[in-house]
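Everything on this sheet refers to the single structure shown next.
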Amino acid sequence: MKIPPVKGTRDFYPPEMAVRNFIVDGWKKVSLRNGFEEYDGPIFEYLKMFQIKSGDEIVEQLFSLTDRGGRDLALRPEITPTLARMVNQRINALPRPIKWFSVPRLFRAERPQKGRLREFFQWNIDIIGTDDVLADAEIIFTTIDYLRQVGLTSEDVKVKMSSRRLLAAVLRTIGICDAALEPLYALLDKKTKLPEGTFRALLAQQVPDSEVAEKIEAFMDVKKISQIKNVVGLDDDVDAAVDELAMVHRFLREDMEVGEYCKFDPSIVRGLAYYTGVVFEVHAQEGELRAICGGGRYDNLLCDLGGPSISATGMGMGDCVLEILLRKKGLVEKELQRQGLDFFVACVPGITFDDQDGLVKSTSEDEVVRLTTQLRKKGLCADFSYRSVSLGKQLKQASERNAGTCIIIGEEFKDDKIAVKDMTTGEQELLGYEEFLSNLGIGREEK
RNA sequence: GUGGAAGUAGCUCAGCUGGUUAGAGCACCAGAUUGUGGAUCUGGGGGUCGCGGGUUCGAAUCCCGUCUUUCACCCCA
């Protein structure tokens with residue numbers, strides 16, 4: 001019986017696995033060099049934990065199960081609740097600020113489409129326990145640091161940033177009441193995806209006062225943080241929010257040297273209600289891809305999940321959209337070619353080697369295994385052919401395996417010599433067996 | 001969850017309005033080549049035409065259902 005892969009999942013054959021590792025290894029490397037420590041939690045949690053934060057609609061998009069003890073569980077659709085749980089559990093013992101990262105495997109029972117599957121990986125970085133905007137800047141910087149690391153330039157991608165606090169202050173100043181904020185956020189979030197006329201019509205529904213609606217539109221057209229005050233007028237809350245966002249931008253531009261990646265964009269709202277401050281998304285400049293990542297400040301979430309009131313800011317980046325973009329930009333091919341063996345050990349089949357008394361000591365096939373063992377003992381990647389086939393076949397295998405060097409055990413092994421062939425240049429030299437082995441470690445660090 | 005499009009070999013696809021035994025390229029395996037790889041040539045394996053049902057003397061081809069993929073919505077933690 002043929003069993004197909006489950007809807008929305010991927011099989012990682014070696015080439016796909018190499019790409020996945022390229023992505024994940026980059027995430028980890030960049031996290032560590034920016035001072036984040038890795039954590040992880042269980043792949044399933046109590047269903048209730050996800051319900052608290054997200055509500056019933058989200059529950060329909062969870063893979064849930066009941067265990068034999070009657071516990072209602074769910075495969076994690078995100079790791080932030082787990083992070084909050086772990087931090088809350090040891091909140092008094094953990095030194096702050098907490099700078100943690102994770103690369104969890106996540107599950108969402110949504111209908112799959114381009115850049116969105118039912119099982120995927122997501123890079124999460126969070127800074128918990130400080131309300132300093134420098135932490136927001138660092139989250140954004142670390143995100144850019146990764147994008148830059150894999151070769152995406154400020155021509156390729158842009159960090160669009162705004163602020164929930166700013167948006168709330170602006171809307172209140174204009175005259176929107178608190179109850180109307182949430183549905184309005186949802187609409188503003190969609191502005192760039194809707195035709196202008198449609199947006200205007202929907203806005204008119206929510207905001208009947210055309211003067212107010214015009215002000216909202218004017219705000220949505222603002223290109224620079226410094227222009228906000230001119231459009232909205234004077235207000236202490238707006239001023240404070242503007243200054244805060246301007247400070248994040250200044251850190252990124254003047255101190256972290258990534259200003260060319262960043263721009264203010266008032267249409268960045270983020271879907272979820274729990275964001276409280278700076279919010280941002282990274283988008284590819286060209287093409288119709290969904291956001292590569294998103295993040296922001298969420299000062300109330302830990303408290304909502306049963307912990308103390310502690311501020312936090314973070315970012316999540318999934319692997320699906322990122323991979324599509326990296327492939328489109330030709331940034332993964334090089335990585336695929338780099339993997340391969342250090343050595344492939346081959347032999348001329350059927351040669352026997354005698355000891356001093358003329359008795360058979362070993363065959364060339366035996367010596368292949370012995371030499372490979374020595375190479376592996378030194379931590380090198382080495383392999384050989386199981387079947388005793390012609391030397392030509394073995395060399396072919398060596399090049400298919402992308403071996404850097406091929407070693408040939410032939411007649412000259414009777415004089416304790418081996419042929420060492422460089423597979424890229426094709427050059428070959430005879431070396432003493434012991435001499436070759438003892439020189440192996442040297443010069444390897446430079447590679 | 002709603003609507004559109006598609007599904008033929010591991011991959012990309014051909015197969016005219018239903019008509020013998022379903023093809024090609026690439027990939028894979030073997031040989032040419034028992035001490036020298038990436039090339040070339042020759043040969044080979046591999047398909048219940050996504051699955052199930054219907055129409056028909058006859059279905060890869062037409063119809064229905066279903067699964068999967070994909071696009072647009074909903075949503076996007």
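Within every chain, numbering begins at 1; the chains are lettered A, B, ... in the order of the sequence lines, protein sequences first and strands thereafter.
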Could you measure between the two P atoms, the one in B:C26 and the one in B:C67, and give it in whole Å?
38 Å
To the nearest Å, give me how far apart CD (A:Gln122) and P (B:C76) are.
15 Å
Which residues share a side-chain hydrogen bond (donor to acceptor under 3.5 Å, both in side chains) with A:Asp178, sequence neighbours left out
A:Arg172
Of all residues at least two apart in sequence or in a different chain, which pass the salt bridge (Lys or Arg N to Asp or Glu O under 4.0 Å) check with A:Arg76?
A:Asp40
So what stems show up for RNA chain B if we need 3 or more Watson-Crick or G-U pairs in a row, all under 3.5 Å?
B:1-7 with B:67-73, B:10-13 with B:23-26, B:28-32 with B:40-44, B:50-54 with B:62-66
Check whether the ring centres of A:Tyr146 and A:Trp123 lie less than 6.0 Å apart, and answer yes or no.
yes
Need one value for A:Arg270: base, sugar-phosphate or nothing, where a base atom within 4.0 Å counts as base even if backbone is also close, heavy atoms only.
sugar-phosphate
Interatomic distance at C1', B:A77 relative to B:U68, whole Å:
27 Å
Assess A:Arg164 against A:Tyr185: is NZ or CZ under 6.0 Å from the centre of the six-membered ring, and within 45 degrees of the ring's axis?
yes
P spacing across the pair B:C11 / B:U66, given as an integer number of angstrom:
26 Å
With sugar-phosphate meaning primed atoms plus P, OP1 and OP2, does A:Arg10 contact a base, only sugar-phosphate, or nothing at under 4.0 Å between heavy atoms?
nothing
Could you tell me whether the side chain of A:Arg290 has a donor or acceptor atom within less than 3.5 Å of a complementary atom in the base of B:C76?
yes
If you apply the rule salt bridge (Lys or Arg N to Asp or Glu O under 4.0 Å), what do you find for A:Arg10 with A:Glu16, and how did you get there?
CA-CA 9 Å; A:Arg10 290 171 287 180; A:Glu16 289 84 33; over 6 Å; no
If I pick the P atom on B:U20 and the same atom on B:A27, what distance separates them, to the nearest angstrom?
31 Å
Please evaluate residues A:Lys99 and A:Glu37 with respect to the criterion salt bridge (Lys or Arg N to Asp or Glu O under 4.0 Å), reporting the C-alpha separation (whole Å), side-chain torsions for both, the decisive distance (0.1 Å), and the verdict.
CA-CA 6 Å; A:Lys99 285 178 70 172; A:Glu37 294 179 285; over 6 Å; no
Pairing residues for A:Arg85 by the salt bridge (Lys or Arg N to Asp or Glu O under 4.0 Å) criterion, not counting sequence neighbours
A:Glu45
How about A:Lys396: does its NZ atom have over 12 heavy atoms from other parts shown lying under 6.0 Å from it?
no
Check whether the ring centres of A:Phe413 and A:Tyr433 lie less than 6.0 Å apart, and answer yes or no.
yes
Nearest-angstrom distance, P atom, B:A5 to B:A9:
22 Å
Any idea how A:Trp100 and A:Tyr39 line up, ring-wise: parallel (<30°), tilted (30 to 60°), or perpendicular (>60°)?
tilted
Inter-nucleotide P distance (B:U61, B:U8), Å rounded:
13 Å
Distance between the P atoms of B:G52 and B:C28, in whole angstroms?
32 Å
Quick one: which protein N/O atoms are closer than 3.5 Å to N/O atoms of nucleotides 67-69 of chain B? Pair and distance per line, please.
{"residue": "B:U69", "atom": "OP1", "partner": "A:Gly8", "partner atom": "N", "Å": "2.9"}

Suppose you measure atom P in B:A22 against the same atom in B:G46; what distance do you get, rounded to whole Å?
13 Å
Is there a donor and acceptor pair, one atom on the side chain of A:Arg111 and one on the base of B:C74, closer than 3.5 Å?
no
Report the residue (A:Gln113 or A:Pro77) whose heavy-atom-nearest nucleotide on RNA chain B is the more 5′ of the two.
A:Gln113
Protein-to-nucleotide contact annotation, 5' to 3' order, nucleotides 31-46 of chain B [B base; S sugar-phosphate only; - none; under 4.0 Å, heavy atom]:
S---BBBB--------
